[in-house]
Amino acid sequence: AQSVAQPEDQVNVAEGNPLTVKCTYSVSGNPYLFWYVQYPNRGLQFLLKYITGDNLVKGSYGFEAEFNKSQTSFHLKKPSALVSDSALYFCAVREDGNNRLAFGKGNQVVVIP
Amino acid sequence: GAVVSQHPSRVICKSGTSVKIECRSLDFQATTMFWYRQFPKQSLMLMATSNEGSKATYEQGVEKDKFLINHASLTLSTLTVTSAHPEDSSFYICSARPSGGAHNEQFFGPGTRLTVL
């Protein structure tokens, strides 16, 4: 079975400081990993994905994530947070051969001006 | 980029009525679409997988007679909440996977807020 854990409910960070949102996963086979962002009353917007290749993945809006197979992690990072980055962030995984995405519970990110 | 739309964006209805939500892929064809439900400050819960031309596959615990799904074409899937009750109030989000595209791609609609009085 595939699953995702996002251990923190909320991440608070000062504007301009580095932002990290944690994600660990569990799959039976090869993982496909995704990060999405959701603003209030909106659908999910794709940020980035890891399928294969380089462990460091760069995505939209200056975000990046590093795939770490030994730690089964895929933490989302941004070097300098903006107030507009305040939103709900979801990590998701799909194992090879499975048609469905498994989502984490989400992390509320609050960037303080 | 691939765009998925949902209509309506929000709907308020009386208890006992039925509500239909449309999910459209605007610039691509989608053999497979997914319907999710999201409660406030919670994650997305997959309700069903909708396949064009065949019956939807429902997740455990989701009543197929309550949540009717029709995937009539490669660009349209509909979710009908039948005999809606206040506990059906939620945010419903669809996503679409491009036909013949990378198996990992999935694009999400903007969601529909359903409120049942």
Side-chain angles (χ1 to χ4, degrees), chain A residues 1-11 21 23 25 27 29-53 57 59-60 67 74 86-110, chain B residues 1-11 21 23-26 30-51 54 56-60 62 89-98 101-115:
Chain A
Q2 53 188 25
S3 66
V4 171
Q6 293 181 248
E8 300 159 313
D9 288 331
Q10 182 163 311
V11 175
V21 189
C23 170
Y25 66 90
V27 295
N30 293 324
Y32 300 141
L33 293 153
F34 306 82
W35 274 101
Y36 294 90
V37 60
Q38 185 182 34
Y39 294 95
N41 294 309
R42 303 289 295 276
L44 270 64
Q45 295 180 33
F46 171 79
L47 280 179
L48 51 78
K49 65 182 177 185
Y50 170 83
I51 304 301
T52 186
V57 179
S60 306
F67 170 62
F74 191 57
S86 299
L88 193 55
Y89 290 80
F90 290 99
C91 181
V93 69
R94 186 176 68 79
E95 61 193 5
D96 196 10
N98 193 322
N99 197 33
R100 299 168 292 183
L101 279 176
F103 285 89
K105 64 180 174 67
N107 282 126
Q108 182 68 49
V109 169
V110 177
Chain B
V3 178
V4 176
S5 70
Q6 280 185 241
H7 178 79
S9 57
R10 55 179 64 229
V11 55
I21 303 170
C23 177
R24 292 182 185 272
S25 55
L26 297 185
T31 306
T32 303
M33 292 184 173
F34 302 89
W35 286 97
Y36 297 86
R37 183 174 180 177
Q38 185 182 29
F39 292 102
K41 299 188 184 299
Q42 294 190 26
S43 189
L44 279 71
M45 181 193 78
L46 180 64
M47 300 174 64
T49 302
S50 169
N51 299 297
S54 63
T57 303
Y58 290 82
E59 295 299 301
Q60 191 172 10
V62 178
S89 298
S90 192
F91 195 52
Y92 292 87
I93 302 175
C94 74
S95 70
R97 174 171 291 157
H103 201 52
N104 47 72
E105 295 285 355
Q106 195 174 136
F107 300 96
F108 287 82
T112 296
R113 171 74 60 193
L114 170 63
T115 303

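Naming convention: chains lettered A, B, ... in sequence-line order (proteins, then strands); numbering from 1 in each chain. Predicted model only: the values in this text are computed from it and were never measured.
A donor-acceptor pair under 3.5 Å is absent between the side-chain atoms of A/Gln38 and the main chain of A/Gln45, judged by distance alone. Although no hydrogens or angles enter the test, the distance criterion places no donor-acceptor pair under 3.5 Å between the side chain of B/Trp35 and the main chain of B/Cys23. Here the side chain of B/Thr112 pairs a donor or acceptor atom with the backbone of B/Pro8 at under 3.5 angstrom. The backbone N or O of A/Val27 lies less than 3.5 Å from no partner atom in the side chain of A/Glu95, so there is not a single donor-acceptor pair.
For A/Leu88, the part sitting under 4.5 Å from any heavy atom of chain B is the side chain, from C-beta outward, and nothing else. Both the backbone and the side chain of A/Phe103 have a heavy atom closer than 4.5 Å to some heavy atom of chain B. Contacts between A/Gln6 and chain B at a heavy-atom distance below 4.5 Å are absent for every atom of the residue. No part of B/Gln6 comes within reach of chain A, as not one of its non-hydrogen atoms sits under 4.5 angstrom from that chain. Using a 4.5 Å cut-off between heavy atoms, B/Thr32 contacts chain A through its side chain alone, with no backbone atom that close.
Contacts with chain A were tallied for B/Gln38, B/Arg10, B/Gln42, B/Arg113; B/Gln38 has the most, counting heavy-atom pairs under 4.5 Å. Heavy-atom pairs under 4.5 Å with chain A peak, among B/Ile93, B/Leu46, B/Thr49, B/Leu44, at B/Leu44. Interface check for chain A: of the options B/Ser95, B/Cys94, B/Pro110, B/Gly111, the most heavy-atom pairs under 4.5 Å are formed by B/Pro110.
Counting heavy atoms from C-beta on, the side chains of B/Ser43 and A/Phe90 come closer than 4.5 Å.
Ring geometry for A/Phe34 against A/Tyr36 counts as parallel: the plane angle stays under 30°, on a 0 to 90° scale with 60° as the upper cut.
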